[in-house]
Protein chains: 4
Amino acid sequence: MTAAYELVVELGYPGLSVEGIAARSGTGKQTIYRWWPSKADVLLDALATKADLHIPLDDTGSWAGDLQAFLAASFRVGRMPGVVHILRTLMAQAQIDQEFGQRFRVGFLQRRREALEALVERAAARGDLPAGRTARLVTRVVFGVIWYEVLAADADAGEELIEELVVLLAR
Amino acid sequence: MTAAYELVVELGYPGLSVEGIAARSGTGKQTIYRWWPSKADVLLDALATKADLHIPLDDTGSWAGDLQAFLAASFRVGRMPGVVHILRTLMAQAQIDQEFGQRFRVGFLQRRREALEALVERAAARGDLPAGRTARLVTRVVFGVIWYEVLAADADAGEELIEELVVLLAR
Amino acid sequence: MTAAYELVVELGYPGLSVEGIAARSGTGKQTIYRWWPSKADVLLDALATKADLHIPLDDTGSWAGDLQAFLAASFRVGRMPGVVHILRTLMAQAQIDQEFGQRFRVGFLQRRREALEALVERAAARGDLPAGRTARLVTRVVFGVIWYEVLAADADAGEELIEELVVLLAR
Amino acid sequence: MTAAYELVVELGYPGLSVEGIAARSGTGKQTIYRWWPSKADVLLDALATKADLHIPLDDTGSWAGDLQAFLAASFRVGRMPGVVHILRTLMAQAQIDQEFGQRFRVGFLQRRREALEALVERAAARGDLPAGRTARLVTRVVFGVIWYEVLAADADAGEELIEELVVLLAR
DNA sequence: ATTTAAGCGAGACGGTACGTCTCGTCTTGAA
DNA sequence: TTCAAGACGAGACGTACCGTCTCGCTTAAAT
């Protein structure tokens, strides 16, 4: 079901209406309102279902390796068709719709931040985290760069950015 | 005129309608459409008019000092009432409305990026830019962190983040 | 069960929904659809059950007396709380819902017409029916006046109308 | 404009929706809501516009003649295609929708009643009104019979009913 | 005593229409 | 000639019910 909405999204637009989702998926509008509080939440579920957003947290043996893997996986997901478009839409809705914003921040953004924080803590425990790289700084820089890329960039980021970030944050 | 819209915005909402702006400012809707292609552009103008977004590019003598000044000024602007709300709304609209997105990226985001790039170039010319801090990396990190703060943060950033960033990017 | 719906009606409105009836009576919607083809039919049954609509056809010895008794009984029923409201609703539904209209006309209106016709025939047999008072004319006039009272009147009819009708139709 | 809705009505049903009226007439829904408080009021206007409901009140010289003319004109209007259907729908809505009911009773039913009352008064002044035919009784009987015919009859009334009524009410 | 089946309450489902809202365009009337 | 005021066509919003459709659960009869 969510898969169907995904399609709507890919073709889709901010001319995406609950009306349209219902028509496309062959359901009534009420059914959608029964399960999701807003169309942004449908999108969020669709994103989670369709694009498996799992970012690997396997121990590569070093902080540099872990960070490199994390960034590479993140950019790989972003290269899937439609994903960037959905991410933009979700972040936009989170600004516009207070309540969805809350859900999005807690259920999505914070969760990802925690994943990265776990990596940072592992590095700290391992002892190969350079000085001054607090979990807070690292998450802000990493997710800041990623989201800025998604929301504000005119050109694709490419591999060099990953490399530069790894050098910056892991020496 | 733009000043009046500002007020609308501060009181305002994403329940901000062209209808409402016109009523509040005592003009007809048509008059607004004559001057701005969308209500987001009104907001953008209002932001430029009301909140002087000038970021000082005066030479403080060192890259660390320049960066520190730049960041401090940026966060100071963000602490003005309503500004963060407007920035969020503009970025959201830029995702939703393709054409405004183009104008916003070129006329606003890129312009600020160029300001910071000028600082980086000055540092490079001066010779006190640490290795690996390309203009591209620095702008992405700085604006990434700022925008992430604006769009995604649950708590205020505070001064420490500035300090950490300066240390990170300027040794 | 029908008694419960009656209550719904008395409190009720044309904001009367099958959903509401089911909730109020503590049953499922399906159960109602199992027994009645539409909510109007529920109302019709409720009317028959709750308000005993029996109109006395006992021989009073004269056509004038019979007619007087018939009219008095009819108006008495109409003065029961809720009955007029239900009658209005039923007649309205009969106009809107073709199939219920059929059932209502045959099973309710016609039945009552036949009762009055029997009275007219008794009068004719007795020989005290004034000239020109055919069964058809009498039923149309009597039920016409009653229903016009129910559907269109702004003020209550009162006793004088009965008297005038008796004089008109029975000399 | 109202003429267009008339068409909707003639094809129409209680499957008549504001949505449908708007689509058919090439307007937006809001425009309809701007001008009429409910779709029943649209119908009422359409009836007044399309079917000229003027009932002649010319003096025929006698009460019997006046009444005969009034009844004949009324039945003639009722024989126009669609008119009976609309009348039924309006009366039904008047029962269901309190506020429209008020408007319908005062602006339509009462107005017609007054027209007939004028005839009765003329007859009284002329002196050829039989005893016992008060204005109230006559209007109730005449409109009662007409509306009963419209709302409850299974077969058409025909001319004999007019004749019988004239005899009954004008000797 | 166990099975079978009917009827039940509950309520999700695909739909339709509601009346409200805002959009961006078009039309007036006064200054 | 300009512009405020606001009507207009369009169409999405979220709500309310419609009538149909499973679901388990409870009886009650038939085995």
Side-chain angles (χ1 to χ4, degrees), chain A residues 1 4 12-42 96-97 99, chain B residues 1 13-42 93 96-97 99, chain C residues 1 13-42 96-97 99, chain D residues 1 4 13-42 96-97 99:
Chain A
M1 181 175 279
Y13 342 69
L16 164 70
S17 63
V18 174
E19 222 116 57
I21 296 173
R24 166 73 91 108
S25 68
T27 76
K29 278 199 288 179
Q30 200 60 259
T31 303
I32 292 172
Y33 284 112
R34 225 188 311 273
W35 292 97
W36 293 278
S38 83
K39 67 187 167 193
D41 294 84
V42 181
I96 287 167
D97 177 344
E99 307 202 15
Chain B
M1 185 172 277
Y13 344 69
L16 164 70
S17 63
V18 175
E19 222 111 57
I21 297 173
R24 167 73 92 108
S25 68
T27 76
K29 281 198 290 176
Q30 202 57 258
T31 307
I32 292 171
Y33 282 113
R34 229 190 305 279
W35 294 95
W36 293 278
S38 84
K39 69 186 168 193
D41 294 85
V42 181
Q93 281 305 314
I96 286 167
D97 177 344
E99 308 200 17
Chain C
M1 184 174 277
Y13 344 69
L16 163 71
S17 64
V18 175
E19 223 114 57
I21 296 173
R24 166 73 91 109
S25 69
T27 75
K29 281 199 287 177
Q30 201 57 259
T31 305
I32 291 171
Y33 283 112
R34 224 188 312 276
W35 293 96
W36 293 278
S38 84
K39 69 187 167 194
D41 294 84
V42 181
I96 287 167
D97 177 345
E99 308 202 15
Chain D
M1 183 174 277
Y13 342 69
L16 164 71
S17 63
V18 175
E19 222 116 58
I21 296 173
R24 166 72 91 108
S25 68
T27 76
K29 280 198 288 178
Q30 201 59 259
T31 303
I32 292 172
Y33 284 111
R34 223 188 312 273
W35 293 97
W36 292 279
S38 83
K39 68 186 168 196
D41 293 85
V42 180
I96 287 167
D97 177 345
E99 308 202 15

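Keep in mind that this is a model prediction, so the values were computed, not measured. In what follows, chains carry the letters A, B, and so on, assigned in the order in which the sequence lines appear, proteins first and then strands, with residues in each chain numbered from 1.
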*Asks:* Using a cut-off of less than 4.0 Å, is there contact between a side-chain N or O of Arg34(D) and OP1 or OP2 of dC8(F)?
*Replies:* yes
*Asks:* Taking protein heavy atoms under 4.0 Å as touching, what does nucleotides 18-23 of chain F look like 5' to 3' if B marks base contact, S marks sugar-phosphate-only contact and - marks none?
*Replies:* SBBB--
*Asks:* Starting at CD1 of Ile21(A), measure out to CH2 of Trp36(A) and round the result to the nearest 0.5 Å.
*Replies:* 8.5 Å
*Asks:* Would you tell me if any nitrogen or oxygen in the side chain of Thr31(A) comes within less than 4.0 Å of OP1 or OP2 on dG14(E)?
*Replies:* yes
*Asks:* Measure from CH2 on Trp36(D) to C1' on dC18(E) and round the result to the nearest Å.
*Replies:* 18 Å
*Asks:* Shortest non-hydrogen contact from Gly28(D) to Ala22(D)?
*Replies:* C-CB, 4.0 Å
*Asks:* Got a sec, which residues hit salt bridge (charged side-chain N to carboxylate O under 4.0 Å, His left out) with Glu19(D), two or more places apart in sequence or on another chain?
*Replies:* Lys29(D)
*Asks:* Going from CD1 on Ile32(B) to CD on Gln30(B), what distance comes out if it is rounded to the nearest 0.5 angstrom?
*Replies:* 10.0 Å
*Asks:* Nearest whole Å is fine: how far is dG14(E) C1' from Ile21(A) CD1?
*Replies:* 16 Å
*Asks:* Determine: side-chain N/O of Trp35(B) to OP1/OP2 of dC3(F), distance under 4.0 Å, yes or no.
*Replies:* no
*Asks:* Heavy atoms only: give me the nearest Gly20(C)-Ser17(C) pair and the separation to one decimal.
*Replies:* N-OG, 2.8 Å
*Asks:* What's the spacing between Gln93(B) CD and Ser38(B) OG if we round to 0.5 Å?
*Replies:* 7.0 Å
*Asks:* Quickly work out the Ile32(D) CD1 to dT20(E) C1' distance and round it to whole Å.
*Replies:* 15 Å
